[in-house]
Amino acid sequence: MRIATWNVNSVRARTARVVDWLKRTGTDVLAMQEIKCRPEQFPSEPFRAAGYELAVHGLDQWNGVAFASRLPLEDQRIGFEGMPGYAKPGGEPRPEARALGVVVEGIELWSLYVPNGRALGDPHFAYKLDWLAALDAATRHRLAQQPGLPLALMGDWNVAPREEDMGDPSFVPGASTHVSPQERAAFQAILDGGLVDVVRPYAPTGYTFWDYKNLRFPRNEGMRIDFILGSQAFAEQVVDGRIDRAERKGDAPSDHVPVLVDLDPELGGAEGYDEDDDRPMIF
DNA sequence: ATGCCTAATACGATTAGA
């Protein structure tokens with residue numbers, strides 16, 4: 001089974017590119033972020049014509065997460081337990097379309113779009129840290145419920161966890177988002193909860209994002225911020241991983257590229273998803 | 001060439017991204 005994650009930066013602006021990529025790579029399940037539309041605006045027909053069914057969560061023109069799959073999508077969940085909303089200054093917190101969970105062949109998959117943070121000290125930065133802490137807590141709770149669950153958190157984490165993951169000189173250590181100690185600690189806490197980066201062993205170097213501005217791609221001044229983190233029962237099924245850097249080339253690319261893993265379900269010894277799961281479908 | 005930002009919306013100037 002081939003599973004991938006891709007911040008597509010508007011699915012309507014890149015429909016042909018995404019569908020062509022799915023067909024060309026034979027990807028079975030794609031988690032998308034920043035679809036930038038509501039479900040009724042999603043370009044469903046080209047995906048369905050290519051043999052993919054969809055799960056879409058979008059509230060407005062911002063954010064938005066989705067799955068395209070040629071295997072059956074089960075048990076969709078909007079958001080996770082305790083997911084905070086964003087409160088604009090002076091406003092009430094509102095949940096944003098940043099998390100969508102599905103189950104495919106007994107594997108629980110999440111498409112996640114971690115808040116950007118904007119700037120150290122910005123309210124959005126505190127929101128980002130809260131969001132990551134809540135995700136950590138929800139994931140620990142989930143894996144405590146089902147220790148053998150094959151689970152993957154896939155998406156745009158907006159954190160460059162290691163020094164070698166930040167190649168954009170406009171991000172200054174100590175003064176920028178994505179590389180702050182707080183963000184890196186929040187990311188590490190999720191790893192400490194029992195998840196592993198299942199791509200890094202197969203793709204030890206490389207970026208997944210290059211800003212559109214300032215010749216970042218030709219200069220290869222990118223960042224590695226898109227990750228697939230798997231539980232132990234997921235990780236033991238992974239037989240390959242890749243960053244598809246070539247997708248940053250050509251006409252009208254997303255500023256992010258796809259990140260993929262291949263699974264061999266024969267290697268999975270876990271019991272899989274619990275059919276009697278009684279969690280709510282919307283958090 | 002991989003080339004000096006891009007997308008959605010209120011369809012112009014603003015917001016957001018990282």
Side-chain angles (χ1 to χ4, degrees), chain A residues 5-18 21 32-43 56 58-66 85-91 94 96-98 112-129 131-132 155-184 186-187 205-227 243-259:
Chain A
T5 184
W6 192 3
N7 179 323
V8 297
N9 188 3
S10 171
V11 70
R12 288 179 289 173
R14 251 167 287 290
T15 306
R17 209 170 163 127
V18 175
W21 183 87
M32 288 170 272
Q33 300 85 38
E34 277 207 272
I35 61 169
K36 290 185 169 178
C37 66
R38 300 184 301 275
E40 66 272 21
Q41 299 173 303
F42 195 99
V56 179
L59 297 171
D60 52 34
Q61 73 269 41
W62 306 118
N63 317 305
V65 283
Y86 179 58
K88 292 184 177 175
R94 291 187 180 185
E96 298 184 308
R98 296 182 178 275
L112 302 173
Y113 179 41
V114 175
N116 171 286
R118 297 181 187 165
L120 303 189
D122 191 290
H124 211 259
F125 185 75
Y127 169 52
K128 179 180 194 173
L129 296 178
W131 202 93
L132 284 167
D156 175 359
W157 292 79
N158 273 320
V159 179
R162 303 186 186 181
E163 286 306 299
E164 63 265 33
D165 297 334
M166 176 52 74
D168 186 328
S170 61
F171 282 69
V172 181
S176 300
T177 61
H178 296 65
V179 294
S180 72
Q182 301 99 304
E183 289 161 274
R184 284 177 166 166
F187 187 86
T205 64
Y207 304 127
T208 64
F209 164 90
W210 297 260
D211 200 298
Y212 289 124
K213 295 182 283 190
N214 303 117
L215 294 166
R216 291 298 182 226
F217 186 55
R219 295 176 188 272
N220 197 29
E221 295 173 340
M223 316 181 202
R224 186 170 179 138
I225 55 177
D226 299 87
F227 298 98
I243 297 170
D244 194 352
R245 189 178 186 281
E247 271 302 310
R248 188 61 176 78
K249 302 179 184 180
D251 287 336
S254 170
D255 40 8
H256 296 251
V257 294
V259 176

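Bear in mind that the values here come from a model prediction, so they are computed numbers and not experimental data. Here is how names work: the chains are called A, B, and so on, in the same order as the sequence lines, proteins then strands, and each is numbered from 1.
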- Between A:Ala252 and A:Asp255, the residue closer to the 5' end of DNA chain B by nearest nucleotide is A:Ala252
- By ring-ring contact (aromatic ring centres under 6.0 Å, His included) - contacts of A:Phe125 (at least two apart): none
- A:Glu96 has an atom CD; how far is it from atom P of B:dT15, in whole Å? 16 Å
- Check the distance between B:dA16's C1' and A:Gln33's CD and give it to me in whole angstrom. 17 Å
- Message: My understanding is that only residues two or more places apart in sequence, or in another chain, count here; which of them pass salt bridge (charged side-chain N to carboxylate O under 4.0 Å, His left out) with A:Arg245?
- Response: none
- Could you give the CZ-to-P distance, from A:Arg248 to B:dA1, as a whole number of Å? 17 Å
- Message: What residues from residues 156-179 of chain A pass a heavy-atom cutoff of under 4.0 Å to DNA chain B?
- Response: A:Asp156, A:Asn158, A:Phe171, A:His178
- Note on the structure: Sorted by chain and residue number, the ring-ring contact (aromatic ring centres under 6.0 Å, His included) partners of A:Phe209 (sequence neighbours excluded) come out as A:His256
- The side chain of A:Lys249 lies closest to which of these nucleotides: B:dT2, B:dC4, B:dA7? B:dT2
- Item | Selected nucleotide, minimal atom distance to A:His124 side chain, candidates B:dA7, B:dG3, B:dG17 | B:dG17
- Item | Closest to side chain of A:Asn9, choosing from B:dG3, B:dA7, B:dA18 | B:dA7
- Sequence neighbours excluded, the answer for salt bridge (charged side-chain N to carboxylate O under 4.0 Å, His left out) partners of A:Glu96 is A:Arg98
- Message: Using the ring-ring contact (aromatic ring centres under 6.0 Å, His included) criterion, which residues pair with A:Trp21? Sequence neighbours excluded.
- Response: A:Trp6
- Task: Tell me what A:Phe125 touches on the nucleic acid: a base, only sugar-phosphate, or nothing, going by heavy atoms under 4.0 Å.
- Result: nothing
- Query: Any side-chain N or O of A:Arg118 less than 4.0 Å from the OP1 or OP2 oxygen of B:dA18?
  - Reply: no
- Which of parallel (below 30°), tilted (30 to 60°) and perpendicular (above 60°) describes A:Phe217 and A:Trp210? perpendicular
- Task: Considering just the side-chain nitrogens and oxygens of A:Tyr113, establish if one lies under 4.0 Å of OP1 or OP2 belonging to B:dA16.
- Result: no
- Item | Those residues that, when tested against A:Asn116, pass side chain to side chain donor-acceptor pair (under 3.5 Å) (two or more places apart) | none
- Close approaches to DNA chain B from residues 216-224 of chain A, in residue order (heavy atom, under 4.0 Å): A:Phe217, A:Pro218, A:Met223
- Message: Using OP1 and OP2 only, check whether a side-chain N or O of A:His256 sits under 4.0 Å from B:dA18.
- Response: yes
- Item | d(CD, A:Glu183; P, B:dA18) in whole Å | 12 Å
- Note on the structure: Separation of B:dA7 atom P from A:Asp251 atom CG, nearest Å, is 11 Å
- A:Asp165: salt bridge (charged side-chain N to carboxylate O under 4.0 Å, His left out) partners, not counting sequence neighbours: A:Arg200
- Test side chain to side chain contact (heavy atoms under 4.5 Å, CB included) applied to A:Ser176 - qualifying residues, sequence neighbours left out: A:Phe171, A:Val172, A:Val179
- Task: Give the rounded distance in Å between these two atoms: NZ of A:Lys213 and P of B:dA18.
- Result: 11 Å
- Query: Taking only residues two or more places apart in sequence, or in another chain, which ones meet A:Gln61 in a side chain to side chain contact (heavy atoms under 4.5 Å, CB included)?
  - Reply: none
- Task: Compare the minimum distances between each of B:dT6, B:dA16, B:dC5 and the side chain of A:Asn214, then state the nucleotide with the smallest one.
- Result: B:dC5
- Item | N/O donor-acceptor pair under 3.5 Å between A:Thr208 side chain and A:Asp226 backbone | yes
- Query: Taking the same atom, P, in B:dA10 and in B:dT14, what whole-Å distance lies between them?
  - Reply: 16 Å
For nucleotides 9-14 of chain B, which of its nitrogen or oxygen atoms have a protein nitrogen or oxygen under 3.5 Å away, and what is each distance?
none

- What nucleotide among B:dA18, B:dG17, B:dA8 has an atom nearest to a side-chain atom of A:Asn7? B:dA18
- Query: In terms of side-chain geometry, is the basic nitrogen of A:Glu164 or A:Arg224 positioned less than 4.0 Å from the acidic oxygen of its partner?
  - Reply: no
- Taking the nucleotide of DNA chain B with the closest heavy atom to each, which residue, A:Val11 or A:Tyr212, is nearer the 5' end? A:Tyr212
